[in-house]
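Beneath this line is the structure, given in structure tokens, with notes to follow.
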Amino acid sequence: MSGISELAWSYDSQQIAFTLNENTGNKSNLYVINRDGSGLNKLTSDKDLNAGSPVWKPQ
């Protein structure tokens, strides 16, 4: 079952980081997207990765 979880807003509230479970076996990838829904960017590509708890680093 796939699903979005663990959302984290950027400090300027313009982007959201989240994990998406796309695979079986609790494997997930990390994504970031603009507030308006544009610019979806996959930050991880390892199918064996279990990304979790995204946190923004202050600039």
* Heavy-atom distance under 4.5 Å between the side chains of Ile16 and Ser10, does that happen here? -> no
* Structure fact -> Closest non-hydrogen atoms of Ile33 and Ser38, given as atom of the first, atom of the second and distance, are CG1-O, 3.4 Å
* **Ser13 backbone acceptor or donor facing Arg35 side chain under 3.5 Å** => yes
* **Shared hydrophobic cluster for Leu30 and Tyr11 (ILVMFWY, side-chain gaps under 4.5 Å)** => yes
* Just wondering, do Gln15 and Trp9 contact through their side chains at under 4.5 Å, heavy atoms? -> no
* Please check if Leu40 and Leu7 belong to a single hydrophobic cluster, counting links between Ile, Leu, Val, Met, Phe, Trp and Tyr side chain heavy atoms closer than 4.5 Å. => yes
* Asked: Do Trp56 and Val32 touch side chain to side chain, with heavy atoms closer than 4.5 Å?
  -> yes
* Please name the pair of heavy atoms, one in Pro54 and one in Ala17, separated by the smallest distance, quoted to 0.1 Å. => CB-CB, 3.9 Å
* Asked: So, does Asn34 use its side chain to make a donor-acceptor pair with the main chain of Asp36 at under 3.5 Å?
  -> no
